[in-house]
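Reading through the structure tokens given below for one structure.
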Number of protein chains: 2
Amino acid sequence: MSIGIKDLAKELQLSVATISKALKDSHEISPETKERVLKLAKELNYTPNPYASSLRHRGSKTIAVVLPEVADSFFSMAINGIESVAQEKGYHVLVYLTHEQFEREISILKDFQNGRVDGVLLSISSTTCEYNHLHKLYEENMPLVFFDRVCEEINTAKVQTDDTQAGYVATKHLLEKGCKKIAFLSMNSNLSITKHRMQGYVDALKEAGLNDTQKLVVECDSNDEVSYAIIKRVLEGDRQIDGVIGSVEKLATMTYAVCDELLIKIPQQLKVIAFSNLQIAGLLNPSLTTITQPAFEIGKTAATLLFRALEKRNFDLKAEHISIPSLLFERKSTS
Amino acid sequence: MSIGIKDLAKELQLSVATISKALKDSHEISPETKERVLKLAKELNYTPNPYASSLRHRGSKTIAVVLPEVADSFFSMAINGIESVAQEKGYHVLVYLTHEQFEREISILKDFQNGRVDGVLLSISSTTCEYNHLHKLYEENMPLVFFDRVCEEINTAKVQTDDTQAGYVATKHLLEKGCKKIAFLSMNSNLSITKHRMQGYVDALKEAGLNDTQKLVVECDSNDEVSYAIIKRVLEGDRQIDGVIGSVEKLATMTYAVCDELLIKIPQQLKVIAFSNLQIAGLLNPSLTTITQPAFEIGKTAATLLFRALEKRNFDLKAEHISIPSLLFERKSTS
DNA sequence: CTGAAAGCGCTAACAA
DNA sequence: TTGTTAGCGCTTTCAG
């Protein structure tokens with residue numbers, strides 16, 4: 001059994017209350033006593049039991065981060081951002097992965113009901129089609145911040161980039177490079193990010209005066225093999241396609257793999273642009289043009305908002321809708 | 001305030017003890033009572049306060065994962081493996097990043113002293129040069145499993161791959177491809193993995209009858225810019241070098257970037273092989289030959305061992321030293 | 001089968 | 001300045 005406040009009390013012939021106050025540097029304890037207590041505490045390597053204090057003053061100094069996956073560089077970097085501010089604020093970070101599965105998301109959120117965490121950062125899964133679990137959490141007044149993949153119908157803080165704008169820029173870029181028929185690889189159309197990126201795509205096509213024949217939205221799957229097959233079928237079937245937008249990183253790398261297999265030359269036969277945070281996009285063959293989100297920044301901002309809400313009870317998360325711009329990095333895949 | 005066991009008791013005119021037992025499906029409660037309790041619990045969406053139970057029966061159903069970083073595909077995949085078994089076992093996962101900083105590692109481990117977590121999975125930072133913090137944790141009987149980057153002087157479970165063998169295979173591969181002077185890019189020579197991989201490198205060179213002139217170990221840094229500069233200086237300075245082994249993923253991608261800048265042609269002028277889990281290694285320019293560790297598997301195995309220890313008090317972690325083989329994927333960077 | 005009560009480690013109101 | 005005590009929500013004897 002580890003050492004507790006009681007042991008210190010016994011050792012120093014003081015009451016537990018005195019010890020507790022001394023450790024908190026309370027003004028009602030004499031300097032000498034504080035000294036003695038602190039000294040012994042250090043000596044015995046005392047650390048308070050976190051759960052006992054949680055139980056008392058309701059507050060776990062812990063937040064939850066719920067992510068679809070971690071194998072995507074966006075989420076890796078976002079975790080980095082989140083963890084960096086959590087560590088600074090003395091908070092602990094519970095990480096949960098939904099693996100893009102709606103049911104998992106539901107069962108994960110159930111665990112947050114009873115004080116396990118003080119707040120939640122969430123990027124929703126691509127298969128989430130209904131938001132009761134989120135409403136429930138929200139109604140229980142759990143501080144909640146969405147990042148990247150938000151749920152629009154929940155009225156709380158959201159940190160994202162202007163996806164419509166980004167989708168527009170990506171499409172415009174391909175059009176300027178001479179593409180006539182651009183396929184938009186979509187992950188799941190319920191997803192806020194996909195919806196908006198697609199909107200930008202549609203806007204750009206319309207602006208260019210292209211009709212519906214030139215519009216091509218390809219629904220991919222959260223399962224990798226399935227997506228691969230879908231992309232392959234599309235590229236094989238319609239050799240008119242001369243541009244591809246990968247709405248998430250994975251779909252772009254898959255497109256590369258498919259092109260390898262089908263001996264389609266990028267960028268000569270097909271130009272590719274992707275929403276991606278791959279640091280090595282420049283080292284791909286050919287180097288990949290990307291729309292890059294400020295992933296670390298998004299994570300950091302979301303976490304900062306959450307902590308602000310945790311620190312000040314009157315801070316209003318509802319008012320916070322932060323948008324951080326994405327950047328276009330032009331590389332050889334669209335040249 | 002959320003709903004507690006007391007509320008159920010009041011509502012049903014029962015004692016809290018009865019409720020508690022009913023919820024645990026105790027044999028000493030009548031079926032009817034159980035029924036009533038369970039029904040109301042579901043209705044009111046009751047969930048036990050995790051910290052209250054932790055406080056009672058000591059056990060947090062939480063483990064800690066301590067990693068150097070998460071931007072490396074090895075660690076991303078390892079988290080995946082860990083999280084998958086944790087979720088299955090009903091455990092929660094606290095993630096901590098050291099960012100390769102010794103001091104952070106120390107301060108993170110301090111937090112585990114008093115029951116916050118039931119066990120720890122750890123891959124040590126590259127700047128960790130002294131192991132008191134680990135010894136302390138170990139002596140407090142915290143179940144501890146090292147994965148990938150282990151600390152040899154702590155006598156507990158370790159899950160890794162045979163790095164010596166892998167280093168040997170990598171070097172042998174380059175030699176077979178005709179390399180005469182192979183640089184080994186090392187991350188930090190204290191690190192178990194680096195040490196072993198380097199040992200394999202040395203062994204292979206010796207076996208090939210090469211002398212010390214042909215041996216070249218380049219110490220890189222945990223700071224990216226510094227490493228880049230170091231690699232650049234080496235490749236610029238000694239044009240004899242015709243092979244490079246990246247002992248960690250980042251060093252290999254940096255080598256690619258450096259070669260880009262210096263207009264060194266891979267594989268014609270320089271062959272590159274790397275310890276890496278990049279799923280897109282095949283899409284690099286040129287595709288990268290890798291020694292790939294079973295990252296997901298390592299994470300999963302480490303977590304499984306830990307849970308076994310948590311579930312059976314007599315399970316002996318000391319006895320467990322698991323080695324999972326790495327695989328060589330030959331690609332164009334060494335052709 | 002059900003309930004009363006003690007206590008996990010800590011904090012905070014109230015006494016002394 | 002220090003100590004006493006109640007209680008956070010739950011589990012677990014031990015009595016009824």
Side-chain angles (χ1 to χ4, degrees), chain A residues 1-38 40-41 44-62 90 92 111-118 140, chain B residues 1-38 40-41 44-62 90 92 111-118 140:
Chain A
M1 214 64 50
S2 60
I3 165 140
I5 219 170
K6 242 187 227 169
D7 305 293
L8 300 184
K10 204 176 299 169
E11 185 77 16
L12 294 177
Q13 304 276 48
L14 288 168
S15 78
V16 291
T18 309
I19 305 289
S20 176
K21 289 173 192 158
L23 289 171
K24 309 212 104 49
D25 199 29
S26 159
H27 56 275
E28 40 178 321
I29 300 293
S30 76
E32 305 86 59
T33 309
K34 278 184 193 168
E35 181 101 1
R36 291 208 304 146
V37 172
L38 260 6
L40 185 67
L44 300 188
N45 221 309
Y46 166 79
T47 28
N49 180 315
Y51 299 140
S53 4
S54 291
L55 192 53
R56 254 329 316 233
H57 58 247
R58 292 111 200 302
S60 58
K61 283 281 180 189
T62 305
H92 300 258
D111 263 321
F112 302 159
Q113 310 247 333
N114 219 314
R116 185 180 296 276
V117 296
D118 300 343
E140 292 187 348
Chain B
M1 214 63 50
S2 58
I3 164 138
I5 219 170
K6 242 188 226 168
D7 305 294
L8 300 184
K10 204 175 300 169
E11 185 77 15
L12 294 176
Q13 304 276 47
L14 287 168
S15 78
V16 291
T18 308
I19 305 289
S20 176
K21 287 173 192 159
L23 289 170
K24 308 216 105 49
D25 200 27
S26 160
H27 56 274
E28 42 178 325
I29 301 293
S30 76
E32 305 86 60
T33 309
K34 278 183 192 168
E35 181 101 0
R36 292 208 302 144
V37 172
L38 260 7
L40 185 67
L44 299 188
N45 222 309
Y46 166 80
T47 26
N49 179 314
Y51 299 139
S53 3
S54 291
L55 192 53
R56 268 300 348 218
H57 59 247
R58 291 102 209 302
S60 59
K61 284 280 180 190
T62 304
H92 300 257
D111 264 320
F112 303 158
Q113 308 247 334
N114 219 315
R116 185 180 295 277
V117 296
D118 300 343
E140 292 187 348

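Residue numbers start from 1 in every chain, and the chains themselves are labelled A, B, ... in the order their sequence lines are given, proteins ahead of strands.
- Residue-level contact check: B:K6 touches the backbone only, with heavy atoms under 4.0 Å from sugar-phosphate atoms and none from bases.
- Within 4.0 Å of B:T33, counting heavy atoms only, lie sugar-phosphate atoms of the nucleic acid but no base atom.
- Taking atom NE2 of B:H27 as the reference point, atom P of C:dC1 lies 10 Å away to the nearest angstrom.
- Distance CD1 (A:I5) to P (C:dT11): 5 Å, rounded to an integer number of Å.
- Using a 4.0 Å heavy-atom criterion, one finds that B:K21 contacts the bases of the nucleic acid, with or without backbone contacts as well.
- B:N49 places its CG atom 16 Å from the P atom of C:dG9, with the value rounded to the nearest Å.
- Of the candidate nucleotides C:dC10, C:dT2, D:dC8, C:dT2 has the atom lying nearest to any side-chain atom of B:I29.
- For D:dC10, one of the phosphate oxygens OP1 or OP2 lies less than 4.0 angstrom from a side-chain nitrogen or oxygen of B:Y46.
- Contacts of A:S30 with the nucleic acid, taken as non-hydrogen atoms under 4.0 Å apart, involve only primed sugar atoms and P, OP1 or OP2.
- The separation between B:H57 atom NE2 and C:dG7 atom C1' is 15 Å, rounded to whole Å.
- Nearest-nucleotide positions on DNA chain D place B:A52 closer to the 5' end than the other of B:A52 and B:E28.
- Nearest to the side chain of A:T18, among D:dC8, D:dT12, D:dG3, sits D:dG3.
- Residue B:S20 places at least one side-chain N or O closer than 4.0 Å to OP1 or OP2 of D:dT11.
- In this structure, B:R58 places its CZ atom 13 Å from P of D:dT12, rounding to the nearest Å.
- Computed from coordinates, the B:I19 CD1 to C:dT2 C1' distance equals 11 Å when rounded to whole Å.
- Of the candidates D:dT2, C:dG9, C:dG7, C:dG9 carries the atom nearest the B:L55 side chain, counting heavy atoms from C-beta on.
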